[in-house]
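Below is one structure; the comments refer to it alone.
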There are 2 protein chains.
Amino acid sequence: MFSVFRAYLSDKIQLSDEDYRMIESVSMFKKLRKRQYLMQEGDIWRNNAFVCQGLLRTYRVDDKGVEHIINFAMENWWIGDRESLATGNPSGFNIDALEDSVVLLINKENFDSLCKKLPPLNDLVHTIIHRSFIASQNRINAFLSYTAEEKYIYFRDKYPDFAMRVPQQMIASYLGMTPETLSRIKRQIARK
Amino acid sequence: MFSVFRAYLSDKIQLSDEDYRMIESVSMFKKLRKRQYLMQEGDIWRNNAFVCQGLLRTYRVDDKGVEHIINFAMENWWIGDRESLATGNPSGFNIDALEDSVVLLINKENFDSLCKKLPPLNDLVHTIIHRSFIASQNRINAFLSYTAEEKYIYFRDKYPDFAMRVPQQMIASYLGMTPETLSRIKRQIARK
DNA sequence: GAAATTTCTTATCATAGATCAATTGGCGCT
DNA sequence: AGCGCCAATTGATCTATGATAAGAAATTTC
């Protein structure tokens with residue numbers, strides 16, 4: 001499974017075999033069955049996590065017990081709660097697997113020390129956070145400007161992989177609408 | 001006006017007088033009158049910008065001509081379109097001043113070279129982007145989970161300075177509701 | 001491969017918030 | 001003080017989406 005991470009890294013940055021050995025030596029793997037939690041609300045998140053295989057979601061449960069999906073992550077995506085990681089406070093989110101999955105984990109201390117020793121890795125992390133921020137801004141824009149239909153079309157076109165693999169009710173949750181509304185919207189689009 | 005930026009930086013990181021001289025030598029200042037644009041849709045954004053004085057907004061205009069406010073920025077906040085800055089593509093956003101303002105600008109090339117020479121500045125930038133990302137995630141969560149009233153209360157409590165200074169219709173736009181709805185919500189809250 | 005479970009669709013009704021339209025209030029300007 | 005301008009409030013509808021419910025389709029389980 002480390003090969004997936006290695007392939008990902010070597011596609012983005014230049015590292016030596018020695019560097020990879022160092023990374024692998026602090027990597028932990030966690031297999032998750034469908035529905036299994038990687039993190040639960042109240043836990044403190046202490047890792048950097050990379051999805052080697054499968055599909056996961058980050059979500060929050062509101063006062064009425066309704067789940068709201070913040071993010072999805074599949075192979076070659078990072079996942080976790082950066083706020084909890086940064087502050088050391090318990091997370092308000094849950095993360096669980098939507099499919100059987102394998103996640104690579106490197107704890108905060110080890111990861112920080114890797115970043116110090118491997119500047120390209122450090123740069124990569126900053127690039128990813130930067131991109132995540134930009135994507136978040138665009139998602140906020142979608143919430144502000146788009147109708148339910150426009151939000152779905154934007155999602156489908158921007159993340160076709162997720163649109164194919166994620167159950168429809170969860171796409172609805174991610175887009176901030178009910179499954180019924182999404183179902184209606186899909187029918188409307190199909191009719192055109 | 002550089003003193004504002006210097007005070008901001010010295011509160012967060014350790015730099016020498018020489019470092020500050022270097023920063024100041026590449027800093028440009030732009031005075032903006034109320035309603036004046038700092039950037040318009042279609043422009044390519046090539047700066048890092050820090051608000052020394054005043055209040056600005058980043059917003060988008062949708063197909064129907066409705067403005068949607070993505071962000072506010074006041075003294076000691078950074079502003080700009082990081083997507084346009086990173087990609088070199090024209091921005092889809094507008095930035096203008098809600099009050100007479102002064103903005104410090106450092107163009108991309110100069111800023112990048114400053115970051116290379118001054119590691120603490122580099123770290124600070126990454127910290128800010130990281131925090132911005134976390135704030136964006138929380139805002140997304142608010143869009144997913146909160147009613148109009150909850151969104152307003154969250155905003156008012158988290159950003160009391162903006163809640164005081166920003167015209168109400170613009171707060172409504174930022175929160176993704178109409179000015180009428182916000183007005184009614186405030187009345188309801190007051191009655192309790 | 002049939003039963004059980006879950007997901008998706010469809011229909012009807014309910015509602016938060018939008019839209020449209022005045023009215024009121026605040027503030028600078030002459 | 002009075003006029004003009006813009007922001008905020010209020011009221012009267014309207015509408016997109018939510019809530020509920022029930023059946024159809026798909027998927028899982030044994």
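A, B, ... follow the sequence lines: proteins, then strands. Residue 1 opens every chain.
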Can you pull the salt bridge (charged side-chain N to carboxylate O under 4.0 Å, His left out) pairs that have at least one residue in residues 11-32 of chain B, sequence neighbours excluded?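 Residue pairs with at least one partner in residues 11-32 of chain B: B:Arg6-B:Asp17, B:Glu18-B:Arg21.
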
Please list, by residue number, the residues of [range] whose heavy atoms come closer than 4.0 Å to an atom of DNA chain C; answer none if no residue qualifies.
{"range": "residues 161-177 of chain A", "result": "A:Pro167, A:Gln168, A:Gln169"}
{"range": "residues 153-160 of chain B", "result": "none"}
{"range": "residues 56-69 of chain B", "result": "none"}

Compile the donor-acceptor pairs under 3.5 Å between side chains in residues 86-93 of chain A and protein atoms, sequence neighbours left out, one pair per line.
unit_1	atom_1	unit_2	atom_2	d
A:Thr87	OG1	A:Glu83	O	2.8
A:Thr87	OG1	A:Asn89	N	3.0
A:Thr87	OG1	A:Asn89	ND2	3.4
A:Ser91	OG	A:Asp81	OD2	2.7
A:Ser91	OG	A:Phe93	N	2.9

Would you mind reading off the distance between [X] atom [atom1] and [N] atom [atom2], rounded to a whole angstrom?
{"X": "A:Lys151", "N": "D:dG18", "atom1": "NZ", "atom2": "C1'", "result": "13 Å"}
{"X": "B:Lys186", "N": "D:dT9", "atom1": "NZ", "atom2": "C1'", "result": "11 Å"}
{"X": "A:Tyr152", "N": "D:dA16", "atom1": "OH", "atom2": "C1'", "result": "19 Å"}
{"X": "A:Gln188", "N": "D:dT15", "atom1": "CD", "atom2": "C1'", "result": "13 Å"}

Those residues that, when tested against A:Glu75, pass side chain to side chain donor-acceptor pair (under 3.5 Å) (two or more places apart):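 With sequence neighbours excluded, A:Glu75 shows a side chain to side chain donor-acceptor pair (under 3.5 Å) to A:Arg165, given in chain and number order.
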
Can you list everything that forms a side chain to side chain donor-acceptor pair (under 3.5 Å) with A:Gln137? Sequence neighbours excluded, please.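 Applying side chain to side chain donor-acceptor pair (under 3.5 Å) to A:Gln137 gives B:Ser136.
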
Can you figure out which of D:dA7, D:dT20, D:dT10 approaches the side chain of A:Glu180 most closely?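 From the listed options, D:dT20 comes nearest.
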
Using a 4.0 Å heavy-atom cut-off, does A:Thr178 contact any base of the nucleic acid, only the sugar-phosphate backbone, or nothing at all?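 Sugar-phosphate: the residue A:Thr178, judged by heavy atoms under 4.0 Å, touches backbone atoms but no base.
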
Hey, does A:Lys34 reach any base, or is it just sugar-phosphate, or nothing, if we go heavy atoms under 4.0 Å?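 Touches sugar-phosphate only.
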
Under 4.0 Å from a heavy atom of chain A: give me the 5'-most and 3'-most nucleotides of DNA chain C that qualify.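 On DNA chain C, the outermost contacted nucleotides are C:dT7 to C:dT12.
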
By side-chain contact (heavy atoms from CB on, under 4.5 Å), which residues pair with A:Ala7, not counting sequence neighbours?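 A:Ala7 satisfies side-chain contact (heavy atoms from CB on, under 4.5 Å) with no residue once adjacent residues are dropped.
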
Which residues pass the side-chain contact (heavy atoms from CB on, under 4.5 Å) test with A:Glu180, sequence neighbours left out?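 A:Glu180 satisfies side-chain contact (heavy atoms from CB on, under 4.5 Å) with A:Thr178, A:Arg184 only.
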
Test of understanding: with salt bridge (Lys or Arg N to Asp or Glu O under 4.0 Å), list the residues that count as partners of B:Lys108, not counting sequence neighbours.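 Once residues adjacent in sequence are excluded, the partners of B:Lys108 under the salt bridge (Lys or Arg N to Asp or Glu O under 4.0 Å) criterion are B:Asp112.
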
Partners passing salt bridge (Lys or Arg N to Asp or Glu O under 4.0 Å) against B:Arg57 (at least two apart in sequence or in another chain):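 In terms of salt bridge (Lys or Arg N to Asp or Glu O under 4.0 Å), with neighbours along the sequence ignored, B:Arg57 is linked to B:Glu67, B:Asp96.
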
